[in-house]
Number of protein chains: 2
Amino acid sequence: MDPIKDKTPPLYQFFSEKEAERKKALLPSEEKISSLATFFKIFGDVTRLRILFHLLESKLSVGDLAALTGMTDSAISHQLKQLKSINLVYCRRHGRTQFYSLADQHVADILKIGLEHVSE
Amino acid sequence: MDPIKDKTPPLYQFFSEKEAERKKALLPSEEKISSLATFFKIFGDVTRLRILFHLLESKLSVGDLAALTGMTDSAISHQLKQLKSINLVYCRRHGRTQFYSLADQHVADILKIGLEHVSE
DNA sequence: ATTACACTTGAACAATTGTTCAAGTATTGG
DNA sequence: CCAATACTTGAACAATTGTTCAAGTGTAAT
């Protein structure tokens, strides 16, 4: 019917189609790979890294994080929103102030392994 | 001299200037934070993640990685170049074929912790 | 030598990203 | 209630990113 759909299957140089299917089946699902990419992307920004390192030590307000990092409140708030969206931080309100904390025990592990790698 | 430089020091809401300096001193250096961001950014892309997961299992040629992931040779080659630039993979030539391998023992650790996080 | 194969490269492009700005909400103090 | 504080939001912008395309390299087979 549609000649465009009749394209030849991918040709592997060093293994069979069957072996290729086995390799593909070993990968995490598309959904997990996509979530993983989102997760790691979050760590790939210096402002967010600074926020995370600061929160490793103490709960902090948006304003104090801004002052510590030399950014505007708005910039920090935008970034905290992202960190919250994938559950790396959470916040609790005290009066007018939002105190942000780390939400995940994996954060410290990830940062540590990353630091080890770049320190070689 | 320059009135613009006479701006008020940052005001911290919940701690002193001195405590702020202590907190800032605890952070990794600017250079390390910047390298860390570069390092994590690499993991923040689905194509590169698929490449890394495949290389976790076996050495592979550019063409086979392309066929396995459904991308063009060119796209894969560009991504491998990035992975090589921060020493996550290396390659060895056999005739006309470049075989790519994982170069770093941290890769498996990072991917594992990431998967644990997104699987919760 | 010539051709094919396996890969790399640089430029172009759309898509995504981080920051700023101005305006908004929520809470508190007077 | 009104103003001040602390933060959030959405739109706009420049900067960066991933992919494609066309042209390039290097190696091997004939």
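Note on naming: letters A, B, ... go to the chains in the order of the sequence lines (proteins, then strands), and numbering restarts at 1 for each one.
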[atom1] of [X] versus [atom2] of [N]: gap in Å, rounded?
X: A:L65; N: D:dT8; atom1: CG; atom2: P; value: 11 Å
X: B:K81; N: C:dA11; atom1: NZ; atom2: P; value: 11 Å
X: B:Q79; N: D:dT16; atom1: CD; atom2: C1'; value: 14 Å
X: A:Q13; N: D:dT27; atom1: CD; atom2: P; value: 16 Å
X: B:K84; N: C:dC7; atom1: NZ; atom2: P; value: 12 Å
X: B:R96; N: D:dG26; atom1: CZ; atom2: C1'; value: 10 Å
X: A:L49; N: C:dG18; atom1: CG; atom2: P; value: 11 Å
X: B:D73; N: D:dA23; atom1: CG; atom2: P; value: 18 Å

With respect to the phosphate group of [N], does any side-chain polar atom (N or O) of [X] fall under 4.0 Å of OP1 or OP2?
X: B:Y100; N: C:dT8; result: yes
X: B:Q82; N: D:dT17; result: no
X: A:Q98; N: C:dA26; result: no
X: B:R48; N: D:dG18; result: yes

Next on the checklist: My understanding is that only one of B:F43, B:F39, B:F40 makes a ring pair (Phe, Tyr, Trp, His ring centres under 6.0 Å) with A:H117; could you say which?
Outcome noted: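 Considering B:F43, B:F39, B:F40, a ring pair (Phe, Tyr, Trp, His ring centres under 6.0 Å) with A:H117 is found only for B:F39.
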
Next on the checklist: Can a side-chain donor-acceptor contact be found between A:S61 and B:Q13 if the only test is distance below 3.5 angstrom?
Outcome noted: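 Their side chains do contain a donor-acceptor pair, which is all the 3.5 Å distance test asks for.
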
Checklist entry - With a cut-off of 6.0 Å (strictly less than), are more than 12 heavy atoms of other residues, nucleotides or ligands near CD of A:Q105? => result yes

Checklist outcome for this item: Of the candidates C:dT27, C:dC7, D:dT19, the side chain of B:M71 sits closest to D:dT19

Next on the checklist: Does the structure place the NZ or CZ of B:K84 under 6.0 Å from the centre of the six-membered ring of B:Y90, at an angle of no more than 45° from the ring's axis?
Outcome noted: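 B:K84 over B:Y90 ring: no.
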
Next on the checklist: Would B:K59 pass as a cation-pi partner of B:Y100, given that its NZ or CZ must be under 6.0 Å from the six-membered ring centre and within 45 degrees of the axis?
Outcome noted: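 No; the conditions do not both hold, so B:K59 does not lie above the ring face of B:Y100.
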
Is any side-chain N of the basic residue among [X] and [Y] closer than 4.0 Å to the acidic one's carboxylate O?
X: A:E21; Y: A:K18; answer: no
X: B:R22; Y: A:E57; answer: yes
X: A:K24; Y: A:E19; answer: no

Which protein N or O atoms sit under 3.5 Å from an N or O of nucleotides 21-25 of chain C?
| from | atom 1 | to | atom 2 | distance (Å) |
| --- | --- | --- | --- | --- |
| C:dC21 | N4 | A:S74 | OG | 2.6 |

Checklist entry - So what does A:S77 hit on the nucleic acid, given a heavy-atom distance under 4.0 Å: a base, only sugar-phosphate, or nothing? => result base

Next on the checklist: Base, sugar-phosphate or nothing for B:F99? Non-hydrogen atoms, less than 4.0 Å.
Outcome noted: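 Touches nothing.
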
Checklist entry - Going from CG on A:L27 to NE2 on B:H54, what distance comes out if it is rounded to the nearest 0.5 angstrom? => result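 Reported value, rounded in 0.5 Å steps: 4.0 Å.
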
Next on the checklist: Contact list please: residues 38-47 of chain A against DNA chain C, heavy atoms, distance less than 4.0 Å, in numerical order.
Outcome noted: A:K41, A:D45, A:T47

